[in-house]
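Written out below as structure tokens is the structure these notes cover.
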Amino acid sequence: CEPLLTEQLFAVGCVDARWPAVRRGAISIAQVSRQPLMLTPHPNGLRRIIERAARSAGVTVDARLEVETVALMLNLVRTGAVRAVLPYCAIYKALEAGEVSARPIAGTTISWVIGTSRQAALPRAAQVLIGSIVEHCRQAVADGRWRTARLTLRPGAAEPSTRIKP
């Protein structure tokens, strides 16, 4: 796996959601845990991150619903019945359109990686695709579209080496 980037997690609610009053906009995982939440089901990595952060804070999350898809999560959040925890890349369009509100959750991030086989040769087409993904991510971070992302890419990762099967 090649580390690609890390980004902030957000508590997401309907447009008129009332968020706990805090300084600098971020809310704690303890404050999020007191909200009725919709989370991804086990063993989803996002769910594990949220529950690990809650355990570290000595709280548990109130998962009222488990939903697989971001589109359905956002549709349910818009109703005001529940809130969700999602990364910025999943909510930015709805947030910019004024369809939802969101607050960053202090100390929570998700990391994105590019996974490839360590044992099989990486075809040239896959190398080109990875290079394209990396360049798109770099540009989205550089021009501010991916506001909370931080690149964690190793130098030269845009051109992965071909791996030879042992």
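For reference, positions follow the sequence shown, starting with 1.
Residue Glu68 qualifies as open at atom CD: its count of foreign heavy atoms under 6.0 Å is 12 or below.
Gln8 contributes a side-chain N or O that, together with a main-chain N or O of Thr108, makes up a donor-acceptor pair within less than 3.5 Å. The closest donor-acceptor contact from the side chain of Ser56 to the backbone of Arg52 lies under 3.5 Å. In terms of modelled atom types and a separation under 3.5 Å, the side chain of Ser33 and the main chain of Val61 share no donor-acceptor contact.
Between the CG atom in Leu5 and the SG atom in Cys89 there is a gap of 8.0 Å [rounded to 0.5 Å]. To the nearest 0.5 Å, atoms CZ (Arg47) and CD1 (Ile49) are separated by 12.5 Å. One finds the CG atom of Leu4 at 8.0 Å from the CD1 atom of Ile133 (value rounded to the nearest 0.5 Å). Between the CG atom of Leu65 and the OG1 atom of Thr40 there is a distance of 12.0 Å, given to the nearest 0.5 Å. Taking CZ from Arg145 and NE2 from His136, the interatomic distance works out to 5.5 Å, rounded to the nearest 0.5 Å. Taking OG1 of Thr60 as the reference point, atom CZ of Arg55 lies at 10.5 Å (rounded to 0.5 Å).
Here the side chains of Leu151 and Val134 are not in contact, with every heavy-atom distance at 4.5 Å or above. Two residues are said to be in side-chain contact when any heavy atoms from C-beta on lie closer than 4.5 Å; Pro87 and Trp112 meet this criterion. Here the side chains of Ile91 and Leu74 are in contact, with some heavy-atom distance below 4.5 Å. No side-chain heavy atom of Leu39 sits under 4.5 Å from any side-chain heavy atom of Asn44.
Val100 and Leu72 fall within the same hydrophobic cluster, defined by Ile, Leu, Val, Met, Phe, Trp and Tyr side-chain heavy atoms under 4.5 Å apart, directly or through other members. Hydrophobic clustering, with ILVMFWY side chains joined whenever heavy atoms are under 4.5 angstrom apart, keeps Phe10 apart from Val59. Under a hydrophobic clustering in which Ile, Leu, Val, Met, Phe, Trp and Tyr are joined whenever their side-chain heavy atoms come within less than 4.5 Å, directly or via other members, Leu122 and Leu129 fall into the same cluster.
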Passes side chain to side chain contact (heavy atoms under 4.5 Å, CB included), Glu51 versus His42? Steps please. CA-CA 10 Å; Glu51 289 183 340; His42 290 284; 2.8 Å; yes
Go through the steps for Lys93 and Glu99 under the test side chain to side chain contact (heavy atoms under 4.5 Å, CB included), then give the verdict. CA-CA 9 Å; Lys93 286 183 182 178; Glu99 299 170 358; over 6 Å; no
Please determine whether side chain to side chain contact (heavy atoms under 4.5 Å, CB included) holds for the pair Ile130 and Thr116, giving the CA-CA distance in whole Å, both sets of side-chain angles, and the decisive distance to 0.1 Å. CA-CA 10 Å; Ile130 290 170; Thr116 58; 3.6 Å; yes
For Leu9 and Leu46, run side chain to side chain contact (heavy atoms under 4.5 Å, CB included): C-alpha distance rounded to whole Å, both residues' side-chain angles, the deciding distance at 0.1 Å, then the answer. CA-CA 9 Å; Leu9 293 180; Leu46 179 58; 3.6 Å; yes
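Across every non-hydrogen atom of Ala121 and Pro123, the tightest pair is O-CD, 3.3 Å. The minimum heavy-atom distance linking Ala11 with Ile27 is given by the pair CB-CD1, 3.9 Å. Across Pro36 and Ala81, no two heavy atoms sit closer than the pair CG-O, 4.1 Å. Nearest approach of Val15 to Gly98, heavy atoms of both residues: CG2-O, 3.0 Å. Residues Ser101 and Cys14 come closest through the heavy atom pair OG-O, 2.7 Å. Taking every heavy atom of both residues into account, Ala120 and Ser117 meet most closely at N-OG, 3.0 Å.
Not a single salt bridge (Lys or Arg N to Asp or Glu O under 4.0 Å) links Glu7 to another residue, sequence neighbours left out. Qualifying salt bridge (Lys or Arg N to Asp or Glu O under 4.0 Å) partners for Asp16, counting only residues two or more places apart in sequence or in other chains: none.
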